[in-house]
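In what follows, a structure is listed as structure tokens, so that the remarks can point back to it.
One-based numbering, in listed order, for ligands and for the atoms of each.
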Amino acid sequence: MTRILMVCLGNICRSPLAHGIMQSKLPTEHFLVDSAGTAAYHVGNAPDRRSITVAKKHNIDISSQSARQFTVLDFDAFDYIYAMDQSNYANIINLSRNNDDIAKVKLFLDANENIQNKNMPDPYYGDQSDFEYVHQLINETCDILIKSFNHKT
Ligand code: 4NP
């Protein structure tokens with residue numbers, strides 16, 4: 001079982017989309033996908049309505065997800081931890097206990113050579129078109145990552 005965790009700040013906009021999109025592309029027998037936020041502001045909340053809408057448009061239902069905060073135990077529970085931006089990355093690394101923890105943490109967009117800016121834009125203060133763009137970027141990057149998983153198995 002390969003265990004993948006998507007992490008953003010609030011766990012209501014970007015990482016729920018990354019969670020739902022990645023999960024939809026992988027067989028559940030071999031891959032566990034989850035998401036979390038580095039902050040606790042939205043713990044227990046459903047994803048942002050605009051993330052639910054863009055996912056639904058692409059036939060993915062993320063409405064039953066519930067936001068939770070990243071904890072140090074996630075370093076044990078997951079093999080790959082993908083941070084949506086450098087600030088999330090730094091917050092996760094701050095909680096790491098050792099080099100094994102650090103080695104699990106990647107900047108999600110580092111996998112995507114087509115994109116220069118490695119920070120997934122935060123769409124929270126934007127509009128639906130910002131969520132569309134985030135969806136597209138996540139979708140494209142998940143496909144690239146899945147190819148790299150397949151090369152390893
Ligand atoms: P996310 O977006 O990190 O992609 O879930 C945000 C959600 C909430 C806030 C900021 C970003 N906030 O400031 O409450």
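Residues of the protein with a heavy atom under 4.0 Å from ligand 1 are C8, L9, G10, N11, I12, C13, R14, Y41, H42, D122, Y124, Y125, listed by chain and number.
For the pair D101 and R97, the salt-bridge criterion is met [side-chain N within less than 4.0 Å of a carboxylate O]. Between R68 and D74 there is a salt bridge, since at least one side-chain N of the basic residue sits less than 4.0 Å from a carboxylate O of the acidic one.
Residue pairs satisfying the salt bridge (charged side-chain N to carboxylate O under 4.0 Å, His left out) criterion with at least one member in residues 48-60, sequence neighbours excluded, are listed as follows: D48-R50, K57-E132.
Residues I144 and L109 fall into different hydrophobic clusters, defined by Ile, Leu, Val, Met, Phe, Trp and Tyr side chains chained together at heavy-atom separations under 4.5 Å.
Less than 6.0 angstrom separates the ring centroid of F75 from the ring centroid of F70.
From L9, atom CG reaches atom CE of M84 across 12.5 Å, with rounding to the nearest 0.5 Å.
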